Amino acid sequence: MAYTGGPMTEAMYYVLLALMRPNHGYQLMQSISEVSRGRISMGPGTLYGVLSRMEKDRLISLAENDGRRKIYQITPVGEKALRQEYVRLQALIEDSHILEEGNNHG
Amino acid sequence: MDKHVYKLRPSDYWKIGEHESWFSDMAAEGLHLKKIGVLFAKFAKGEPKDMNYRIELTSKRYISSEQKQFYQENGWDYVAKYGMYHIFASPVKVNAPELHTDPAEQAYTLTELDKKLKSNAITSVVAAIFLTGMLGANLFLDGTPFLQLIDGGLLHLNLISLFLIFATYQTIIGAKSIHTLKKDLAAGKSIDHRAKWSKNSKRRTIISLLFTILLLFSSIVPFYKLVQDTTETLPESTPSLPIVRLAEIENNPNLLRQEPEYFGGDDVDWANRLSISWDPLAPVQYETDENGYVPGEQWADQSGEYSPSLSTEYYQLQFSFLAEPLLNDLRKRNHYPGRGIKLVHSENKSFDTFYAYEEQESKEVYASIGNVVVYVRYHGFAKIEDIIIKMEEKVTLMEL
């Protein structure tokens with residue numbers, strides 16, 4: 001299923017975020033954990049699935065493949081999608097100010 | 001050397017969680033999965049271990065070595081595969097990271113498989129309808145299904161079509177289950193790796209096993225038939241056969257056997273032959289043809305030398321409830337409209353069901369008793385009553 005914009009899964013978002021610096025599979029799992037401040041520990045199956053799918057959708061590409069380790073990087077298309085998602089998420093947060101008001105009055 | 005144990009596997013291969021749970025329970029008993037097939041799973045006997053098993057689905061029959069290696073680096077070893085189902089295992093104490101941590105993402109991995117199974121299911125349904133329709137047509141087209149089943153030897157083919165329907169049903173359920181799984185995952189519901197497997201599993205497995213045995217049986221039947229079925233020249237005298245002989249009803253010392261006009265490649269006189277056949281529904285079947293002539297005697301219309309003939313079909317059925325429907329089918333097959341043959345007797349104390357027809361020199365008798373059905377066709381001067389008396393005498397020879 002090709003990515004055509006719209007809300008990303010959490011896994012997609014964090015993998016793209018982590019790939020702002022080229023990286024390979026095993027380290028990516030750790031980077032995602034770091035980027036999410038330990039909130040997300042992504043399983044190898046999920047990561048493998050996301051990488052294969054996003055490579056097919058050209059959101060990421062291979063930076064290097066020495067046969068043993070594949071190093072992935074985000075593509076310009078991927079970065080654009082990531083930034084769009086970021087703007088969308090930001091809008092979600094902004095729209096949620098009502099909750100903070102609720103807390104103040106509560 | 002490792003000792004191996006084979007166990008009947010749960011038949012519903014699409015029930016991922018139940019399988020994973022089953023493998024774990026077996027490992028806890030010291031049985032470690034090695035291989036898995038259609039019906040059985042092979043385990044190596046060893047020390048009981050706490051193991052986690054995970055099934056990974058692919059849209060192709062293989063999984064890339066890269067994926068296997070990646071999982072292995074994370075503590076998951078590749079154990080076995082069954083079709084597009086790939087099984088990984090990890091000891092609990094290794095504390096390997098869970099393979100899938102995002103059900104919505106896992107749902108994406110099933111997209112291709114879901115599509116493929118759907119189209120497979122549609123193809124199976126079309127093929128099943130086509131083949132079953134074809135077999136059904138053979139069975140029902142001329143309105144004599146029992147005769148086709150028993151005499152035409154169509155039982156095994158129809159059992160195969162039964163298996164086909166069962167397999168198609170399994171394919172549909174499998175495709176539907178994967179579709180549901182995909183939807184559930186997309187909605188955030190993850191697979192229960194500890195799902196209870198024992199509840200209905202045994203019953204379903206036994207059903208699958210029965211269908212497989214049925215299929216094997218159906219495949220052997222034609223070969224067994226080939227060995228059992230024989231045709232030979234009818235001996236002059238056959239006191240042990242429960243069939244009426246031409247000489248017995250003609251009662252004419254001048255009656256001679258027709259000189260054979262046609263020999264098959266196997267030296268059988270087809271005008272005076274005895275065929276013995278076997279079928280699961282009718283283990284003993286005889287079919288005979290007898291042709292004679294009386295030198296110097298003419299047919300009533302002076303159309304030539306008097307040459308009476310007698311044919312018999314004898315069925316000893318596996319189940320006596322088949323006797324009446326078979327007898328009715330025999331009547332249906334031999335009574336096409338416009339032949340003018342008339343019913344002269346419709347009962348007889350020696351038989352359960354009885355019909356005798358006559359039209360000048362043509363006589364036909366249909367009789368059944370217990371699990372035996374006999375059909376006699378005669379052309380000649382003898383009275384139908386003489387044939388009936390002889391048939392009554394033969395009842396004692398019948399294997400009821």
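Since the structure is predicted, the reported quantities are computational estimates derived from the model, not experimental observations.
- Heavy-atom neighbours of Lys49(B) NZ from other residues, nucleotides or ligands within 6.0 Å: at or below the threshold of 12.
- When the shell of 6.0 Å around NZ of Lys68(B) is examined, it contains more than 12 heavy atoms from other residues, nucleotides or ligands.
- Contacts of Thr58(B) with chain A are absent, with no heavy-atom separation under 4.5 Å from either backbone or side chain.
- For Gln106(B), no part lies under 4.5 angstrom from a heavy atom of chain A.
- With a 4.5 Å cut-off on non-hydrogen atoms, Met12(A) touches chain B through its backbone and its side chain both.
- Lys70(A) contributes atom NZ, which lies 11.5 Å from atom CZ of Phe70(B) (distance to the nearest 0.5 angstrom).
- Summarising the geometry of Thr9(A) relative to Ala104(B), their closest heavy-atom pair is CG2-CB, 4.3 Å, with the distance given to 0.1 Å.
- When each of Pro44(A), Gly25(A), Gly43(A) is scored by its heavy-atom pairs under 4.5 Å with chain B, the top score falls to Pro44(A).
- Open room surrounds CD on Glu47(B); 12 or fewer heavy atoms of other groups in view lie less than 6.0 Å from it.
- For CD of Glu112(B), the number of neighbouring non-hydrogen atoms (other residues, nucleotides, ligands) closer than 6.0 Å is 12 at most.
- For Arg88(A), the CZ atom is densely surrounded, since the number of other residues' heavy atoms within 6.0 Å is greater than 12.
- Relative ring orientation between Tyr48(A) and Tyr71(B) is described as perpendicular, the plane-to-plane angle rising above 60° on a 0-90° scale split at 30° and 60°.
- A heavy-atom distance below 4.5 Å is found between the side chains of Asn74(B) and Tyr26(A).
- Remark: the backbone N or O of Met42(A) is not paired with any side-chain donor or acceptor of Thr101(B) at under 3.5 angstrom.
- For Lys35(B), the NZ atom counts as loosely surrounded, since its 6.0 Å shell holds 12 or fewer non-hydrogen atoms of other residues, nucleotides or ligands.
- In the displayed structure, Arg194(B) atom CZ is contacted under 6.0 Å by more than 12 heavy atoms of other residues, nucleotides or ligands.
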